[in-house]
**Student:** 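Take a look at this one; I'll ask things after.
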Protein chains: 2
Amino acid sequence: MNAPQGTAARNTRQRSAVATLLSQVEGFHSAQELHAMLRERGERVGLTTVYRTLQALADAGDIDVMRPPGGEQLFRRCSDGHHHHLVCRTCGRTVEVAGPAVESWADRVAAQHGYVDVSHTLEIFGTCRGCAANRG
Amino acid sequence: MNAPQGTAARNTRQRSAVATLLSQVEGFHSAQELHAMLRERGERVGLTTVYRTLQALADAGDIDVMRPPGGEQLFRRCSDGHHHHLVCRTCGRTVEVAGPAVESWADRVAAQHGYVDVSHTLEIFGTCRGCAANRG
DNA sequence: GCGTTTTTGACAATCGTTCTCATTTTCAGA
DNA sequence: TCTGAAAATGAGAACGATTGTCAAAAACGC
């Protein structure tokens, strides 16, 4: 396993590099993209380590993971708390949206069916104003 | 591409076999599982064809596709109309749930941000009563 | 410093899915 | 019913993202 818990978590150059990068870039990026960005910056970090670090961050809830219908998973540093995403199908522009009503609805529905320990994923896809305009 | 549109769509033994199977099995299954089931029935259908057929059915909206966090996509023939799924993390038991309020909320939020042509995916994960009991 | 423990990273392996392309099947029209 | 063009099939190769392996390197308490 890669996410030591009761044990020590060590600070390494590579982990800092990934975290720093995530705090500087906008929007969602794949592990491979992030790896490429690091290389361009001259940071020498292995792809495996990027994957491991992203996974650890995701497990810790520090970053968001999204799995768009047709591809690889995308990662993003985002605000604390639970929220969802409104993503443009064409350009990827993303807006964070909160829906307290949805949260409680999901919990209620799950409870009605006897499900416990409930979580959910919700993503909204659409075409943003700019991309819609470019289409005619 | 594999989904002829203005052109003719032909009826084949393989397509019928996949469609029939889907109408008989319960719950979600991966392409590979469905392929294995067909083989057990003595139907000779290639894995490639199963994938192609499932994709065509999904494009046509005749079946549901779900991408659970950690694995391959799952397919399921399900009732008409838009709905979501409540899935047990442990045993996979699935309940279809409808949430008109969520639909309109999603559309409204998207519209507020200038997004058009909106769709969304929502999945609720939890532990069902039976599995929760078995855990203590 | 020292030694233990974690972390790293190059590379191989895995796994789901898609591509290739020669062969087979479908089906409209003769 | 026969024929031929177009569509569909399928075995295997190819692909691409992710994960495993394991020896070498780095981190940190003492």
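Order of the sequence lines fixes the chain letters, A, B, ..., with proteins taken first and strands second; residue numbering starts at 1 for each chain. Reckoned from all heavy atoms, side chains included, excluding hydrogens, waters and symmetry mates.
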**Student:** When you match B:Gln14 and B:Phe75 each to their closest nucleotide on DNA chain C, which lands nearer the 5' end?
**Tutor:**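 Result: B:Phe75.
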**Student:** Could you work out which one of D:dT18, C:dT8, C:dC27 sits closest to the side chain of A:Gln73?
**Tutor:**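 Nearest listed nucleotide: D:dT18.
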**Student:** Hey, which of A:Leu21, A:Val50, A:Thr48 is the one that makes side-chain contact (heavy atoms from CB on, under 4.5 Å) with A:His35?
**Tutor:**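 For A:His35, the side-chain contact (heavy atoms from CB on, under 4.5 Å) test succeeds with only one of A:Leu21, A:Val50, A:Thr48, which is A:Val50.
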**Student:** Does a side chain donor of either B:His85 or B:Asp64 reach within less than 3.5 Å of an acceptor in the other side chain?
**Tutor:**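 Note: B:His85 and B:Asp64 side chains meet the donor-acceptor criterion.
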**Student:** To the nearest 0.5 Å, how far apart are CG in A:Leu38 and CD in A:Glu33?
**Tutor:**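 So the gap between those two atoms works out to 12.0 Å.
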**Student:** With a 4.5 Å heavy-atom cut-off, do A:Arg76 and A:Glu96 have their side chains touching?
**Tutor:**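 Contact flag for A:Arg76/A:Glu96 side chains = yes.
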**Student:** Among D:dT19, C:dT8, C:dT20, find the nucleotide with the atom closest to the side chain of B:Arg52.
**Tutor:**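 So the side chain of B:Arg52 is nearest to C:dT20.
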**Student:** Rounding to a whole Å, what distance do you find between B:Arg13:CZ and C:dT24:P?
**Tutor:**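 Rounded to the whole Å, the gap is 14 Å.
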**Student:** So, OP1 or OP2 of C:dT18: does either fall under 4.0 Å of a side-chain N or O from B:Tyr51?
**Tutor:**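 No, outside the criterion.
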**Student:** Counting only side-chain heavy atoms from C-beta out, which of D:dC28, D:dT19, D:dA8 sits nearest to B:Arg15?
**Tutor:**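 Output: D:dA8.
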**Student:** In whole angstrom, give the distance that lies between atom CG of A:Asp59 and atom C1' of D:dT18.
**Tutor:**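 The answer, rounded to whole Å, is 15 Å.
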**Student:** Rounded to whole Å, please give me the gap between CG in B:Leu54 and P in D:dT9.
**Tutor:**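 After rounding, the reported distance stands at 12 Å.
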**Student:** Applying the 4.5 Å side-chain criterion to the ILVMFWY set and letting contacts propagate, would B:Ile63 and B:Val18 be lumped into a single cluster?
**Tutor:**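 Yes, it is one cluster - the side chains of B:Ile63 and B:Val18 are joined through contacts under 4.5 Å.
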**Student:** Check DNA chain C against residues 27-48 of chain A and give the residues with a non-hydrogen atom under 4.0 Å, in numerical order.
**Tutor:**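 Those residues whose heavy atoms fall under 4.0 Å from DNA chain C, taken from residues 27-48 of chain A in numerical order, are A:Arg44, A:Val45, A:Gly46, A:Thr48.
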**Student:** Which nucleotide in the set C:dT7, C:dT17, C:dT8 lies at the smallest distance from any side-chain heavy atom of A:Arg10?
**Tutor:**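 Side chain of A:Arg10 sits closest to C:dT7.
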**Student:** Would the distance check show the side chain of A:Arg15 and the main-chain N or O of A:Arg10 forming a donor-acceptor pair, the cut-off being under 3.5 Å?
**Tutor:**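 Pair found, side chain donor or acceptor close to backbone of A:Arg10.
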**Student:** We want to know whether B:Arg52 and B:Gln14 form a side-chain donor-acceptor pair, criterion being a heavy-atom distance below 3.5 angstrom.
**Tutor:**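 No, because no side-chain N or O of B:Arg52 sits under 3.5 Å from a partner of the opposite role on B:Gln14.
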**Student:** Can you see if the side chain of B:Gln55 gets near the phosphate of C:dT17 - specifically, an N or O under 4.0 Å from OP1 or OP2?
**Tutor:**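 False: B:Gln55 side-chain N/O out of range (4.0 Å or more) of C:dT17 OP1/OP2.
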**Student:** Does B:Thr12 make a side-chain N or O approach to OP1 or OP2 of C:dT26 shorter than 4.0 Å?
**Tutor:**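 No, B:Thr12 has no side-chain N/O under 4.0 Å of OP1/OP2 on C:dT26.
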**Student:** Are A:Leu86 and A:Phe28 connected, step by step, through hydrophobic side chains (Ile, Leu, Val, Met, Phe, Trp, Tyr) whose heavy atoms are closer than 4.5 Å?
**Tutor:**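 Cluster IDs for A:Leu86 and A:Phe28 differ.
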**Student:** Note down the inter-axis angle between the two ends of the helix from C:dG1-D:dC30 to C:dA30-D:dT1, five pairs each, to the nearest 10°.
**Tutor:**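 Between the axes fitted at each end of the helix from C:dG1-D:dC30 to C:dA30-D:dT1 lies an angle of 30°.
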**Student:** Specify whether A:Trp105 and B:His84 have parallel, tilted or perpendicular ring planes, treating 30° as the upper limit for parallel and 60° as the lower limit for perpendicular.
**Tutor:**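 The rings of A:Trp105 and B:His84 stand perpendicular, inter-plane angle above 60°.
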**Student:** Starting from C1' on D:dA8, measure out to CG on B:Leu57 and report it in whole angstrom.
**Tutor:**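 After rounding, the reported distance stands at 15 Å.
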